[in-house]
Amino acid sequence: MSADPSSPQFFGLSVVGAPIIAALVLVVAAIPVPACAADVDSLAGAIGVLTDYRRVPGLDDGSAADYIAGRLEECGYDMQQEVFAVETDMGPTATRNVVGIKEGFGQGAVVVCAHYDVPDPNCPGADDNAAGVAVMLEVARALQTEPLNRSVYFIAFSGEEIGLWGSADWLERHADLAGEIVAAVNLDCVARGDELYVETLPQYRWILDTVPESPTINPQIGSGLGGDHWRFWERHVPAVLISDNSGYTLRHTPDDTPEALNLSLATSCTEAVTGMVRTLASAGDATPPMVEGSVEEDGTIRYTISEPSITQLIIDGTDFGVLASGQVTLPAGPHTVRVVAYDADGNRGALDLKADVPDTDRDAPGSGHQPGGISIPWKRTEEDLKKYGMQHYGTPFVALSYDRPGAEETGTRIDGYVDGIRIAGLEEGHVVVHAPGSHRYEVVAAAAGTVVGYDETTYIVERMHDGPQAYYIKDSFVQEVAIREDALPLAPVACAVAASLLVVGYLFSRSVGSRRR
């Protein structure tokens, strides 16, 4: 699970233990072995080996990468080991992603991924995330002899704990593959607690239909935790996160050991992911939905889909998620529009439009209106703006939230505007995946044709962990730090607001109290 820079993890002195084989025997013996595990290649064996290795990116992670590569080679998969650079306070070094590819007979690809790095040499990282890697390896083993229509990429990412660097590097190297990826399944902390969550954004909820029914598996919309799946979402690629309900109390501590794991839960995860991949990669019908549509002269986007589908609307590089035909109207000027439709098999139909909306002298949403009657709960106050400057977000996920004081008038409609793009009947908490840059959000409440509430704010969204970065590995806990000099500092208040936004935005479809983090 991605590192929390507000929670220091201190280095401990390395302890020279028994030989590796003896240590592994002790570790494996201490883990309750699930009924389906028969040998050292089981979940328990893989977790034992990985937790025996120190796995700090670029420092001492080579043995773990070699082990993962060896396991995937045993399955007969085509292997790729891709090296990328990381900066530390001790100078530049390198780490690597490990990729095993099972070629399919047709087009399309499914990704199963898990990060293998830890944030601290003194963290065994059993749940976070040796267990995720072990499940990935077990799925690879289970599918090694099965013919599949779509290719499957099994990827062990490095650098997740220091900024999702490994997944970013892989997606940038293979940008041409993004359009072929049907879905990515990210495994991160899957062997503690008693329940697993399978979470995704609303536009990718069709993936949840591939999850086998199980009393320990809970598919749902939303994600309150960061991880490598964010990198896929950032590039508009369907992805889900699978994680446990342990609350992560042992995350990034020396107590995240194999003895504390629930391997029955990890076994359930293996069975679920194997079933998901079989479904996603075995789809016989590769015919995508047909999408037709246009942008009307007034800027309204209208489209039709040839079959029942889940849609996604991407405008000028920003993912507006699931919105109905006619619900979105563009402001004057040139725009690019992409309407994506997903069917139950993950086939993706898309319509790309270019529009140059004429200026019809329409009033801007904020013309003549002062804030009041409705409010954006996370906007900065005038005092905070003077003290801290404009709001900056290090992730592209922003929830279009609003508050209405008092009783709502009958017939009141709420419209949202993002950079002048109108969303009629905006649902509170609707999540937008922004393109990097400066953005403006306005919200208007109208009743009987009269504006009864207005509020607005501006903010800057930066690409996640963009630019040169470094992390400490000497005389300190591992902590990411920006080394560029032009970055605006984030005040503690802004950090808290950003974190709250992520939680609120992604948990909009379920009770906040249903899951403790």
Side-chain angles (χ1 to χ4, degrees), residues 1-9 55-61 64-65 82-98 113-121 123 125 128-129 132-133 155-175 184 186-189 223-235 237 239 241 243 248 251-252 392-397 433-434 436 460-474 476-490 494-495 498-499 502:
M1 196 60 62
S2 186
D4 180 357
S6 66
S7 300
Q9 301 91 30
R55 311 189 304 278
V56 176
L59 178 64
D60 51 10
D61 57 349
E82 299 179 349
V83 177
F84 61 94
V86 292
E87 294 288 335
T88 78
D89 63 336
M90 297 178 65
T93 185
T95 186
R96 53 185 152 137
N97 294 326
V98 181
C113 59
H115 76 88
Y116 69 94
D117 60 309
V118 296
D120 186 321
C123 287
D128 187 15
N129 188 37
V133 176
I155 310 177
F157 288 125
S158 182
E160 192 266 359
E161 296 287 9
I162 56 174
L164 316 181
W165 289 1
S167 48
D169 184 84
W170 187 80
L171 284 163
E172 287 170 6
R173 288 184 193 229
H174 304 281
N186 182 34
L187 306 168
D188 202 346
C189 301
S223 177
L225 291 172
D228 288 314
H229 55 290
W230 275 10
R231 289 296 187 186
F232 290 86
W233 289 349
E234 181 186 34
R235 289 162 175 79
V237 177
L241 166 68
S243 60
Y248 311 104
R251 178 172 61 99
H252 299 177
H392 280 60
Y393 291 97
T395 70
F397 313 110
V433 185
H434 280 290
I460 292 175
V461 172
E462 298 175 339
R463 188 169 180 272
M464 290 189 292
H465 304 281
D466 199 11
Q469 306 272 345
Y471 72 96
Y472 296 115
I473 60 175
K474 180 181 180 182
S476 179
F477 57 90
V478 175
Q479 179 185 24
E480 186 184 354
V481 58
I483 59 176
R484 57 187 178 187
E485 296 180 355
D486 61 340
L488 295 177
L490 268 173
C495 293
L502 292 175

Close side-chain approach of Glu160 to Asp188, heavy-atom, < 4.5 Å: yes

Going by the rule salt bridge (charged side-chain N to carboxylate O under 4.0 Å, His left out), which residues pair with Asp169 if we only count those two or more places apart in sequence or in a different chain? Arg173

Could you state the interatomic distance from CG (Leu171) to CG (Asp228), rounded to the nearest 0.5 Å? 9.0 Å

Just wondering, do Glu462 and Pro436 contact through their side chains at under 4.5 Å, heavy atoms? no

Which residues pass the side chain to side chain donor-acceptor pair (under 3.5 Å) test with Asp117, sequence neighbours left out? His115

Distance check, rounded to the nearest 0.5 Å: Asn186 atom CG versus Ser243 atom OG? 9.0 Å

Of the non-hydrogen atoms in Ser158 and Thr95, which two are nearest, and what is the gap between them? OG-OG1, 2.7 Å

Nearest 0.5 Å, what's the CD-CD1 distance between Glu87 and Ile162? 10.5 Å

On the 0 to 90° scale, with breaks at 30° and 60°, tag the Trp233-Phe397 ring pair as parallel, tilted or perpendicular. perpendicular

Carboxylate-amine/guanidinium proximity below 4.0 Å for Glu172 and Arg235: yes

Would you call the rings of His174 and Trp170 parallel, tilted or perpendicular, taking 30° and 60° as the class edges? tilted

Test salt bridge (charged side-chain N to carboxylate O under 4.0 Å, His left out) applied to Glu82 - qualifying residues, sequence neighbours left out: none

Identify the two heavy atoms, one from Gly163 and one from Arg231, that lie closest to each other, and give their separation to 0.1 Å. O-NH2, 3.1 Å

In chain order, what residues pass the side chain to side chain contact (heavy atoms under 4.5 Å, CB included) check against Ala64, with sequence neighbours excluded? Leu50, Tyr53, Arg55, Tyr116

In terms of heavy-atom contacts, Ala239 and Phe232 come closest through CB-CB, 3.8 Å

Which heavy atom of Pro121 sits nearest to which heavy atom of Leu59, and what is that distance? CG-CD2, 4.1 Å

Of the non-hydrogen atoms in Thr93 and Gly58, which two are nearest, and what is the gap between them? OG1-O, 2.8 Å

What are the two closest non-hydrogen atoms of Leu187 and Ala114, and how far apart are they? O-CB, 3.4 Å

Could you check if a side-chain atom of Val56 sits within less than 4.5 angstrom of a side-chain atom of Asp61, using non-hydrogen atoms only? no

